[in-house]
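Presented below is the structure to which this report refers.
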Amino acid sequence: MGANRHLGRDVMENSSTAENLDDNPLSAEPGLKGADYVVRVLASRGINTVFGYPGGAIMPLYDALYNSPVEHVLCRHEQGAGMAAIGFARASGKTGVCIATSGPGATNLVTALAEAMLDSVPLVALTGQVPTTALGTDAFQEVDMLGMSLSVTKHSFLVSNVEELPEILEQAFQLANSGRPGPVLVDLPKDVLLASCASDPSSNAVADTQPVALPWNLCEQARELISQASRPVLYAGGGVGMANAVEALRFFQQKTGMPSVLTLKGLGAIAPDTTGYLGMLGMHGTRAANLAVQQCDLLVCVGARFDDRVTGRLEGFAPDARVIHLDIDPSEFGKRRQPDVALSGDLNILLPALAVKAPCEEWLKNCEAMRYEFRWRYDAPGETIYAPALLNTLSQQLPDSTVVTCDVGQHQMWVAQHMSFTRPENHLSSGGLGTMGFGLPAAIGAALSRQKQPRQDDLVICVSGDGSIMMNIQELSTARRLNLPVKVVLLDNERLGMVRQWQSLFFEGRHSETVLSDNPDFPALAQAFGIPAQTILHRHEVDDAIQTMLNTDGPYLLHVAIDAEENVWPLVPPGADNHNMLEDI
C-alpha cells in the first residue's frame, strides 16, 4: 500500500492534475491580493528588511515584494536567512522576518525557529504552502509545517482563506513581541496569496495593553531582603537587553551597591569597568564570579533562568542564598530554583522600585579583591598564537559600538571571557540552542540592521571556528554581494575544539570524529567568493593582521592557526558545584 501511495504521488507530479493543483498565477482574482496585503503589513509595521529564499509556493509573495518598499535580502540557504533575521532582530531590537517556500524551504527554517525560541527572539517566519485544495494529498513540496513547528514556536498559523489573513498577521506580530518574545510561523497557501483581500493593514492595529500595577507587597518583601543582605549578588541575563532595561539595571546596581555577574546572553548589560562587576558565571565563567555566587547570601536574578550551564549541580548552586527572581515569564519561577520572592513584569518598572542600599561595602571590597586575584593572564609561552590574547587585543582596538557575533564552541567561550561589551545588543551568541553556523548569517543581519539607522558605519566582527564556519559558509556570498563590513576572524585548530576538549578530559582521550585535518584552504575559499583574506601563524603577526582587517573596506576573512590542544579554562565539570572549577591541566 505504501508503494502505491508513493507511486501515485510521482504520477501526480508529472501529470496535468499537478498543474491543476498549483494555481495558475494568471488566474488570480483582481484587486489587492493576499501577497500584496502581507507586504503592506510589513511596510506599515516599519519592517524594511526581510531575509529569504524564493520557490514555487511562495512565488506570489516574491512578486509582491518586487519594487516594494521592503528590501528583501537573498541569502544562500533558508537556515542562513533565518539566522540573519535573528541577528537583525537582536542587533536592532526590531522584529526579524524570514521567508521560505513550502517543503524543504520551510523545513530548513526549523533550526532558526528553535534558535529564536530558546533565546527569546521576536521572529516572524512566512512560509509558502501548497494550495488549500491540495493540502493532505502529498502534493509536490507539501509538508505539515503547522505540526512540525509547534514545539519550536510560540504559535503557528495555517491561513485557510484570505479573510483570515489580517487577523492572523496582526496576532503573529503581537505574539512575537508580547511578554517573552519568540518566533511565530505563518504558513501561507499559494491560493491564499493569490486571492483578493479588501482589508487595510492600518485598520487592524491593536491598542497597547494597559500597564499592570506593581505588586507592592512583594516589592516590599524584596526591598527588605536587599536592605538586610550583607553578601548580595546581582545575576542578570539576556532578558535585560530584550526588555530595553539596561539603564534600569545599571541604576539598580549603583543604588544597591551589590557586585554583579552576567550570563552569556547578558554580557554588556553591566559596563565592564563597573566596580564589583565580576564577569560571566557558570561552566566557563570567571573564578571570581562563580566564587562570589557560591558565597552570597542573596541572589537577585534578573531576566535569567537558572540555566544548567550557569548553575552546575543545581543543589549546590548558591547554597546559602535567598533568591529574588524578576522575569517577564512567570513560568520560569520555580522551574529550577524556588525563589523567596518572584516578580513578573516590566524590568524598567520593577528594578527602580527595588533599588535600596544593601549593607555590603566589605563584601564589595572582597569581590573586587577576587576580581584582581583571578584576573586573566595573556603571557602564554611560545610563538604560536594564543587565542584568548588575540581576542583581547582585538577587543581593545574595536569601538564600543562594534557588534561581535560568534558560533558555538571554544571560540564562543573565549569571546565571552576575553572581549568586552558595553551593550548586550553588541554581543550576539547562540545561547540556548548552541547552533553551529549561527555566527556568519547573524553578522550579516546585524550589519544590515546598522545600515538602517545612524550606526551604519559600525563594524561587525564574526568570530568563528573551523568546524562552525562550514555550517553556513555559503553566506560569504551574501556578505560579498552586499559588500557588508563583516570581518570574519576564523580560529582554526583543525578540530571540533570543544568536543575534542571534553573527549580529552572525560572520555580518556578517545577523539572520535573530531579531527578536521581535511579542512579546505579557507583564504582561497574566501577569495573564491571575492573576499580578501590572509592566514597568520605566529603571534608577532597579530597586530598587523588586525589592522589590515579593520582597514579593509567590505568583508574580510582573517584565518588564524591556533594550537589543536588548547583548552578553555576554567571549566566546571559536569555534575560539579561551581566552586570546583578545573584550571589548566
Test of understanding: with ring-ring contact (aromatic ring centres under 6.0 Å, His included), list the residues that count as partners of [X], not counting sequence neighbours.
X	answer
His511	none
Tyr372	none
His579	none
His325	Phe306, Phe333

Is any side-chain heavy atom of [X] closer than 4.5 Å to a side-chain heavy atom of [Y]?
X	Y	answer
Ile536	Leu558	yes
Leu249	Leu234	yes
Trp363	Val233	yes
Leu448	Phe51	yes
Ile546	Gln397	yes
Trp569	Leu571	yes
His427	Val403	no
Ile461	Thr402	yes

Distance-only donor-acceptor hits, side chain of residues 178-185, under 3.5 Å, sequence neighbours excluded:
unit_1, atom_1, unit_2, atom_2, d
Ser178, OG, Gln174, O, 3.0
Arg180, NE, Ser120, OG, 2.9
Arg180, NH1, Asp329, OD2, 2.9
Arg180, NH1, Glu332, OE2, 2.6

For [X], check side chain to side chain donor-acceptor pair (under 3.5 Å) against everything at least two apart and list the hits.
X	result
His418	Tyr378
Gln417	none
Glu508	Arg510

Could you measure the distance from the [atom1] atom of [X] to the [atom2] atom of [Y]? Nearest 0.5 Å is fine.
X	Y	atom1	atom2	answer
Leu428	Thr405	CG	OG1	6.5 Å
Leu433	Met117	CG	CE	12.0 Å
Thr435	Asn472	OG1	CG	10.0 Å
Ile226	Thr256	CD1	OG1	6.5 Å
Leu351	Asp346	CG	CG	9.0 Å
Leu354	Leu343	CG	CG	6.0 Å

Identify the heavy atoms of [X] and [Y] that sit nearest to each other, and give their distance.
X	Y	answer
Ser156	Ser149	OG-OG, 2.6 Å
Ala229	Ala358	O-CB, 3.9 Å
Cys98	Leu123	SG-CD1, 4.2 Å
Pro441	Gly80	CB-O, 3.3 Å
Pro122	Asn177	CB-OD1, 3.5 Å
Leu264	Gly431	CD2-CA, 4.2 Å

| task | Applying side-chain contact (heavy atoms from CB on, under 4.5 Å), run through Val488 and Leu440 and close with a yes or a no. | result | CA-CA 8 Å; Val488 179; Leu440 178 56; 4.1 Å; yes
Indicate every side-chain donor-acceptor pair of residues 216-224 with a distance under 3.5 Å to a residue at least two apart or in another chain.
unit_1, atom_1, unit_2, atom_2, d
Arg223, NH1, Ala353, O, 2.8
Glu224, OE2, Gln228, NE2, 3.3

Would a distance-only check, ignoring hydrogens and angles, find a side-chain to backbone donor-acceptor pair under 3.5 Å from [X] to [Y]?
X	Y	answer
Glu368	Gly276	yes
Glu115	Ile86	no
Asn290	Met581	no
Ser395	Leu391	no
Gln294	Ala318	yes
Asp340	Val323	yes
Asn348	Ala243	yes

Residues passing the side-chain contact (heavy atoms from CB on, under 4.5 Å) test with Glu247, sequence neighbours excluded, are Arg250, Arg423
In short, side-chain hydrogen bond (donor to acceptor under 3.5 Å, both in side chains) pairs touching residues 259-287 with sequence neighbours left out are Arg287-Glu583
Check: When you look at Thr384 and Arg539, which way does the side chain to side chain donor-acceptor pair (under 3.5 Å) test go after all the steps?
Finding: CA-CA 6 Å; Thr384 57; Arg539 63 184 61 183; 4.6 Å; no
Evaluate salt bridge (Lys or Arg N to Asp or Glu O under 4.0 Å) for Asp307 paired with Arg309, printing each intermediate quantity in order.
-> CA-CA 5 Å; Asp307 177 73; Arg309 291 298 177 105; 5.9 Å; no
Within a 6.0 Å radius of atom CZ on Arg231, are there more than 12 heavy atoms belonging to other residues, nucleotides or ligands? yes
Are side-chain N/O atoms of [X] and [Y] paired as donor and acceptor at under 3.5 Å?
X	Y	answer
Asn567	Arg500	yes
Arg45	Thr95	no
Asp543	Gln547	no

Please tabulate, one pair per line, all N/O donor-acceptor pairs under 3.5 Å involving side-chain atoms of residues 406-416, not counting sequence neighbours.
unit_1, atom_1, unit_2, atom_2, d
Asp407, OD1, Gly437, N, 2.8
Asp407, OD1, Phe438, N, 2.8
Asp407, OD1, Gly439, N, 2.8
Asp407, OD2, Ser464, OG, 2.6
Gln410, OE1, Asn493, ND2, 3.2
Gln410, NE2, Gln501, OE1, 3.0
Gln410, NE2, Glu566, O, 2.9
His411, NE2, Asp407, N, 3.3
Gln412, NE2, Ser429, OG, 2.8
Gln412, NE2, Ser430, O, 3.0

